[in-house]
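Throughout, a chain's letter reflects where its sequence line sits, starting with A, and its residues are numbered from 1.
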Amino acid sequence: MPELPEVETVKRTLAEYLPGLKIKEVTVNQETVINIPDAETFKKELTGTTFTGIDRRGKYLIFSLSWGWKMVVHLRMTGRLVYGESSLPLAKHTHVIFHLSNGYELRFTDQRRFGRIWLVPEGELLRVSGLCTLGPEPLGDEFCREIFLEQLAKRKTRIKPLLLDQNFIAGIGNIYADEILFRSRIHPERTAESLSREEADRLFTEVRKTLEEGVAHRGTTFSDYVDGRGEKGSHQNYLNVYQQQGKKCPRCGAIIERIKVGSRSAYHCPGCQK
DNA sequence: ACAATATCCTGCGAGC
DNA sequence: TGCTCGCAGGATATTG
């Protein structure tokens with residue numbers, strides 16, 4: 001599942017290739033993945049534009065194009081955005097193909113078709129659902145320890161669903177939420193307001209450290225995720241609890257459990273996450 | 001303000 | 001072997 005470290009890795013890999021390349025033609029095989037505008041307008045407006053840069057905000061990729069266009073892509077669960085030679089065999093579920101001026105292609109594939117693409121004029125990014133209400137960027141300067149602690153103290157909701165709330169903090173998904181809570185020694189069902197100063201402090205530190213390590217390992221590949229070159233990440237080799245039910249906790253030796261918290265699986269150690 | 005649930009979608013594993 | 005069923009999950013909508 002592409003979360004912040006995975007989306008950041010896609011951004012970095014694509015940034016090596018795309019800037020300066022012109023879109024010659026766009027193929028749309030699955031119109032439902034284009035959120036706005038309609039597929040015909042999408043193809044027409046993009047044809048002839050040039051990639052000028054790539055940014056990331058939370059789990060959103062934001063492509064800057066000439067003529068003032070911004071193309072926003074959200075990979076959701078199984079979306080992939082891969083740059084490569086046009087001669088490569090077409091993967092199943094290839095929904096959009098950007099044919100580039102150097103003969104290469106940027107392909108958007110998505111097995112489950114949850115991913116979405118928006119094309120908006122510069123300055124109209126607020127039309128992208130979820131983007132303007134996004135919480136602070138955890139690896140950015142705006143993620144402030146004191147504000148984070150204040151916000152936690154005000155919330156009666158359980159900490160795991162709160163970490164997944166993109167309006168509270170951007171970029172965390174189910175894998176990193178469980179890993180962050182394990183490293184902070186906090187049980188996923190604890191309420192945010194119940195956290196002690198020390199626990200909240202650890203949580204802040206581990207949010208940053210865990211995501212930074214995920215980026216350093218070029219993301220976690222469980223089943224679908226690959227970077228902008230089609231290559232897997234390696235952070236799956238460093239997970240402590242996610243998908244580790246039945247195994248021994250690397251910290252205390254207790255058996256890792258899987259429970260449901262807010263209708264999502266939550267992997268944790270009952271021995272040392274209090 | 002928060003919780004619970006359904007929705008979207010496909011592939012996969014379990015159980016029969 | 002082949003069927004059905006439930007599950008996986010990010011975000012949004014709806015209802016309570």
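Taking only side-chain nitrogens and oxygens, A/Arg155 comes nearer than 4.0 Å to OP1 or OP2 of B/dC2. For A/Gln166, a side-chain nitrogen or oxygen approaches OP1 or OP2 of C/dA11 to under 4.0 Å. Within the 4.0 Å cut-off from OP1 or OP2 of B/dG11, at least one side-chain nitrogen or oxygen of A/Lys92 is found. OP1 or OP2 of B/dG11 sits under 4.0 Å from a side-chain N or O of A/His93. One finds no side-chain N or O of A/Lys156 lying less than 4.0 angstrom from the OP1 or OP2 phosphate oxygen of B/dA3. At the phosphate of C/dG10, neither OP1 nor OP2 sits under 4.0 Å from any side-chain N or O atom of A/Tyr60.
Note on A/Met1: only backbone sugar-phosphate atoms sit closer than 4.0 angstrom, heavy atoms only; bases stay farther off. Using a 4.0 Å heavy-atom distance criterion, A/Ser265 is classed as a sugar-phosphate-only contact. As judged by a 4.0 angstrom heavy-atom cut-off over every strand, A/Tyr242 is placed among residues touching the sugar-phosphate backbone only. Residue-level contact check: A/Arg116 touches neither bases nor backbone, having no heavy atom under 4.0 Å from any strand. Counting non-hydrogen atoms under 4.0 angstrom, A/Ser129 reaches the backbone sugars and phosphates but no base.
When the P atom of C/dG10 is taken as reference, atom CD1 of A/Ile172 falls 12 Å away, rounded to whole Å. The distance between atom CZ of A/Arg158 and atom C1' of B/dA1, rounded to the nearest whole Å, is 15 Å. Atom CZ of A/Arg76 and atom P of C/dT12 are 6 Å apart (whole Å). As rounded to whole Å, 14 Å separates atom C1' of C/dT12 from atom CG of A/Leu134. Counting to the nearest Å, the P atom of C/dT12 and the CG atom of A/Leu164 are 14 Å from each other. The CG-C1' distance, from A/Asp224 to B/dC12, rounds to 11 Å in whole Å. If you take CD1 of A/Ile175 and P of C/dG10, they are 8 Å apart, rounded to a whole angstrom. Rounding to whole angstrom units, CD of residue A/Gln243 and P of C/dG9 are separated by 7 Å.
Ring orientation note: the planes of A/Tyr83 and A/Tyr104 are close to parallel, at an angle under 30° on the 30°/60° scale. The aromatic rings of A/Phe51 and A/Phe63 lie perpendicular to each other, with more than 60° between the two planes, well past the 30° mark. Using cut-offs of 30° and 60° for the angle between ring planes, the A/Tyr60 and A/His74 rings count as perpendicular. Ring-plane geometry between A/His217 and A/Tyr238 is classed as parallel, the angle between the planes falling under 30 degrees on a 0 to 90 degree scale with a further cut at 60.
Stacking annotation: A/Phe114 is stacked on the base of C/dG10 (ring centroids less than 5.5 angstrom apart, interplanar angle below 30 degrees).
The minimum heavy-atom distance linking A/Gln166 with A/Gly171 is given by the pair OE1-N, 2.8 Å.
Residues A/His235 and A/Tyr176 place their aromatic rings such that the two centres sit under 6.0 Å apart.
At a cut-off of 3.5 angstrom, counting only N and O atoms as typed in the model, there is a donor on one side and an acceptor on the other between the side-chain of A/Arg264 and the base of C/dG10.
With C/dA11, B/dA3, C/dG9 as the choices, the nucleotide that has an atom nearest any side-chain atom of A/Arg112 turns out to be C/dG9.
In this structure, A/Asn167 and A/Ser263 both approach DNA chain C, and ranking their closest nucleotides by distance from the 5' end singles out A/Ser263.
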